[in-house]
Amino acid sequence: MIASTAMQTAIRGRWAVAAIFLANGFLTGSWAPQIPVFLTRLDISKFTLGLLILLFGAGAVTAMTWCGHLISKHGSRTVLRWFGLCGSLGLLVVALAPNVPLAAIAMFIFGGSIGGMDVAMNANAVVVERKLSRAIMSSSHGFWSLGGFAGGALGGFAIQNYGHLAHAAVVTALAFAVIALGVGYLIAEGKPQAAEHHKFSLPANPLVYLVGLMALLTMVSEGAVLDWAALYLKQELGADLAIAGLAYAAFSGVMAIMRFFGDGVRNRFGAVTTLRGSAVVAAAGMLVAGLSPSPWLAIAAFALCGFGIANMVPIIFSAGGNQEGMSSGTGMSVVTTMGYSGILVAPSAIGFVAEHSSFGPIFIAMSGLLIVVLLMAGLAHRAEFAPAPAE
């Protein structure tokens, strides 16, 4: 009877954390169609927009750095409550910012809340896995991508028809409701223990940094689609705002489907083969998107890219966590830090380049980065020995 009750609690916790993954993805996806409005509303250049996106990344990295310490003291459930409820307000704060200085502060806060929420929800998903004695991480990230799909698909239509403030307010209300309901059912670790303090040292094995480079190159491409695809379709391919928002929606929607099925694909074909095939598909999609003469072809190409990228990062992270001669935590910390810097910080550089160029060549260059991952895929052989953590 006790065991049955514990299992029911764990199952409720599993769906609670899945709901928070969904809400986090919805908030992130809803930001993508806000970007073109953000640019014109503040009357800023692409260079300035790139700086503001950089602040989003700086906020996220700052929060991620502290989040592990907070979790060690208070537990993932408590930290997820804090960051989750604050994160639900982030998009509305950005949408209300009337000028560049306040927008800069808002972007830092928004990025910090989303980044801290990301670490805490992943940590809580690990707790659920231990309680259930089975993996749920891949499907949890499938819910994240599903939320991103919904946010991107509905955002452009809502902004075009009801305005950016109404859109941000509805997104905030929905996200807050889902998160507030979900945190009530999250499960907790045992009593959190403060982490022991050890002298900091970087791993000596150079292979872990090469695996981290693969994560970086892959997640740069993912960040490029999130932050710049809508603007690319609107400014260079002549799409209206509703259609432009579909670029990230198609990317994340296909990614969601593949993440729900990713474990089965990998179990059948192996980590290295799956990574190689995924990199080829992702590179092809990004290349076609960069060369596309029409918005609908570009949307289809971004969907193909999402099909490929979906399972690249989980495999790469798994390889990082299984490096020889170091703990899984040490390897994972290097690879995840390098990878997240790609999706959170590096895309801001695209804004600087786009100020003097167009987005088409940039997406073609992203295709080249994915080819580099293809050539390095053999380094992921360590992922064959354990299930892959998701991003």
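Residue numbers run from 1 in the order of the sequence given.
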Same apolar cluster (I L V M F W Y, side chains within < 4.5 Å links), [X]/[Y]:
{"X": "Ile316", "Y": "Met338", "result": "yes"}
{"X": "Phe302", "Y": "Ile364", "result": "no"}
{"X": "Leu27", "Y": "Leu174", "result": "yes"}
{"X": "Phe307", "Y": "Leu374", "result": "no"}
{"X": "Leu154", "Y": "Val254", "result": "no"}

So Leu370 and Leu217, side-chain contact (heavy atoms from CB on, under 4.5 Å) or not? Walk me through it.
-> CA-CA 7 Å; Leu370 293 167; Leu217 297 178; over 6 Å; no
Stepwise side-chain contact (heavy atoms from CB on, under 4.5 Å) check, Ile243 with Ile299 | CA-CA 9 Å; Ile243 293 175; Ile299 290 169; 3.8 Å; yes
First locate atom [atom1] of [X], then atom [atom2] of [Y], and finally report the distance between them rounded to the nearest 0.5 Å.
{"X": "His167", "Y": "Asn161", "atom1": "NE2", "atom2": "CG", "result": "11.5 Å"}
{"X": "Leu207", "Y": "Leu379", "atom1": "CG", "atom2": "CG", "result": "6.5 Å"}
{"X": "Met258", "Y": "Ile309", "atom1": "CE", "atom2": "CD1", "result": "12.5 Å"}
{"X": "Leu49", "Y": "Leu54", "atom1": "CG", "atom2": "CG", "result": "11.0 Å"}
{"X": "Phe176", "Y": "Cys86", "atom1": "CZ", "atom2": "SG", "result": "9.5 Å"}
{"X": "Ile179", "Y": "Leu80", "atom1": "CD1", "atom2": "CG", "result": "8.0 Å"}

Passing option when Phe143 is tested against Phe21, Phe260, Phe26 for ring-ring contact (aromatic ring centres under 6.0 Å, His included) | Phe260
Please report the closest heavy-atom contact between [X] and [Y], naming both atoms and the distance.
{"X": "Ser367", "Y": "Leu287", "result": "OG-CB, 3.6 Å"}
{"X": "Ser292", "Y": "Ala298", "result": "OG-N, 3.2 Å"}
{"X": "Ser76", "Y": "Asn124", "result": "OG-ND2, 3.1 Å"}
{"X": "Lys131", "Y": "Ala10", "result": "CB-CB, 3.8 Å"}
{"X": "Ile371", "Y": "Ala283", "result": "CD1-CB, 3.8 Å"}
{"X": "Ala63", "Y": "Gly116", "result": "CB-N, 3.8 Å"}

Is [Y] close to [X] at the side-chain level, that is, under 4.5 Å between some pair of heavy atoms?
{"X": "Trp82", "Y": "Met117", "result": "no"}
{"X": "Ile105", "Y": "Ile109", "result": "yes"}
{"X": "Thr48", "Y": "Leu42", "result": "no"}
{"X": "Tyr248", "Y": "Ile35", "result": "no"}
{"X": "Met107", "Y": "Val94", "result": "yes"}
{"X": "Asn24", "Y": "Ile114", "result": "yes"}
{"X": "Gln34", "Y": "Leu91", "result": "yes"}
{"X": "Asp240", "Y": "Lys234", "result": "no"}

Listed partners of Gln235 passing side chain to side chain donor-acceptor pair (under 3.5 Å), at least two apart = Lys46
Go through the steps for Thr274 and Ile315 under the test side-chain contact (heavy atoms from CB on, under 4.5 Å), then give the verdict.
-> CA-CA 9 Å; Thr274 302; Ile315 292 171; 3.8 Å; yes
Taking the side chain from [X] and the backbone from [Y], do they hold a donor-acceptor pair closer than 3.5 Å?
{"X": "His164", "Y": "Ala95", "answer": "yes"}
{"X": "Glu236", "Y": "Phe359", "answer": "yes"}
{"X": "Tyr232", "Y": "Ala289", "answer": "yes"}

Relative to the ring of Phe56, is the ring of Trp31 parallel (under 30°), tilted (30 to 60°) or perpendicular (over 60°)?
-> parallel
How far apart are the C-alpha atoms of Ile44 and Leu51, what are their side-chain angles, what is the distance that settles it, and do they pass the side-chain contact (heavy atoms from CB on, under 4.5 Å) test?
-> CA-CA 11 Å; Ile44 56 178; Leu51 287 176; over 6 Å; no
Under 3.5 Å, which donor-acceptor pairs link side chains of residues 145-153 to any protein atom two or more places apart or in another chain?
residue : atom : partner : partner atom : Å
Ser145  : OG   : His141  : O            : 3.3
Ser145  : OG   : Arg259  : NH1          : 3.0

Asp43 atom CG, over 12 foreign heavy atoms within 6.0 Å | no
Is the CZ atom of Phe38 crowded by more than 12 outside heavy atoms at less than 6.0 Å?
-> yes
